[in-house]
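Here the structure is a predicted model, which is why all the values come from computation and not from measurement. Counting convention: from 1, in listed order, for ligands and their atoms alike.
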Amino acid sequence: MSRPIHAYLDWAALRHNHARVRQVANHSNIWSVIKANAYGHRVLSVARALQKVTNGFALIELDSAIALRKAGIRQPILLLEGFYQPDELPLLAKWELTPVLHALWQVDALIAAPLRLPVYLKLDTGMHRLGFTAAEFENVLARLEAAGCATSITVMTHFADADEDRGIAAQMSHLHSMINGREFPLSLANSAALLRFPESQADWVRPGIMLYGASPFPTRQSAAELDLRPVMTLASELISVRDITAGNRVGYGGTFVAEQPMRIGIVACGYADGYPRHAPTGTPVLVAGQRTRTLGRVSMDKLCVDLTGLEKVGAGEAVTLWGEGLPADDVATAAGTVAYELFCALAPRVPIIEVNQ
Ligand SMILES: *Cc1c(COP(=O)(O)O)cnc(C)c1O
């Protein structure tokens, strides 16, 4: 018998969420963002599931991009941080990958190569992380034109506050002043921006988290309210049930102390499976389809749950850590993080079951 923890990946839900993007941003092309192993959802499987409906794939990792090409993916592929060493450039040309250029050294390397490629130019419109300033942008445009090494130029930027009160207005106006009336194809919007600010949709949108069925702004609107379905369900089982008495401490450090006699369950899921160790007592969890809470510290391989009101359940009972029936956003919020981090942290030791291919 194998350990009962599994991650289910539902490709019908993924296709539904992609259709939602299409519906919301119906004039834009869609870069399906599949960096970080498709936010923990298996990059090759996600690419195959979306191959017929999406316009392109955007990611960070060159090895994954090449694996997509070897698997027969023909759509445009965008490398969101471009390349890291000049000697990667011939691979970009060979595999027809489009780099985002965000730093002057990359422009120098491309011109020195010399190679002809479609390029994205990333502008820093206020995030102050990657991208060209207004002066650098002018310089880069002039040099690329003189060298003739860009077969096309798309302008992109990334929003710092698309999910926050501040919104995107200041960055949009900075962007337009940098573009200064010139015509470029534009790619601006992540999930939060494309849902909340239709004016940011432009030529290519770049949804990530909404494809996987979590809300980009969980405190404003739930995934269900946005008509997004969870793709990943992390499920396990109770491997033990026990009765404890008032004053009994639970787990490492005894951070939970029973106030009265109670029944608790032990779940085969811990931080070595990707469950967040910082999830405190009270983090939601489903047992036998009913919402209850975790108790005490999460261990490497197990966590404890409150079975008050669930006294009939025993070892072998189904537990959902997040996904169908329990939004990852709720677990993430309780644990002080975001669903992005939960998904990306899914550990390699958790067996994956793909459904609805
Ligand atoms: C990750 C990423 C996205 C997708 O963001 P979501 O919030 O997951 O929609 C879009 N653009 C860039 C540049 C990114 O790195």
Practice problem: Have a look at W31, Y39, F159 and point out the one with the heavy atom closest to atom 8 (O) of ligand 1. | Solution: Y39
Quiz prompt | Matching residue for W105 among F132, Y84, F83 - test: ring-ring contact (aromatic ring centres under 6.0 Å, His included) | solution = F83
Practice problem: May I ask you to identify the nearest protein heavy atom to atom 9 (O) of ligand 1, giving residue, atom name and distance to one decimal place in Å? | Solution: S191 OG, 2.5 Å
Self-check item: Note, L141 side chain near E145 side chain (heavy atom, < 4.5 Å)
Solution: no
Quiz item: Among protein heavy atoms, which sits nearest to atom 7 (O) of ligand 1, and what does the distance come to when rounded to 0.1 Å?
Solution: Y340 OH, 2.6 Å
Self-check item: Protein residue, atom and distance nearest to atom 11 (N) of ligand 1, heavy-atom basis
Solution: R206 NE, 2.9 Å
Quiz item: Of L195, N190, L59, which has the heavy atom at the shortest distance from atom 5 (O) of ligand 1?
Solution: N190
Quiz item: For the atom pair CG (L123) and OG1 (T133), what is the distance rounded to the nearest 0.5 Å?
Solution: 9.0 Å
Exercise. Would you mind listing which atoms of ligand 1 come within a distance below 4.0 Å of any non-hydrogen atom of I209?
Key: 6 (P), 8 (O), 9 (O)
Quiz item: Between L80 and ligand 1, is there a nitrogen or oxygen pair with a distance under 3.5 Å?
Solution: no
Quiz item: Is there any N or O on K35 that sits under 3.5 Å from an N or O of ligand 1?
Solution: yes
Exercise. Examine P207 against ligand 1 and note whether any of their N/O atoms are separated by less than 3.5 Å.
Key: no
Quiz item: Would you say Q357 has more than 12 foreign heavy atoms packed within less than 6.0 Å of its CD?
Solution: yes
Quiz item: Are side-chain heavy atoms of W31 and N55 found at a separation under 4.5 Å?
Solution: no
Exercise. Calculate, to the nearest 0.5 Å, the distance between atoms CG and CH2 belonging to L188 and W204 respectively.
Key: 13.5 Å
Quiz item: How far is atom 12 (C) of ligand 1 from its nearest protein heavy atom, and which residue and atom is that?
Solution: H158 CE1, 3.4 Å
Practice problem: Answer with yes or no whether the side chains of H16 and D227 bring together a donor and an acceptor at under 3.5 Å. | Solution: yes
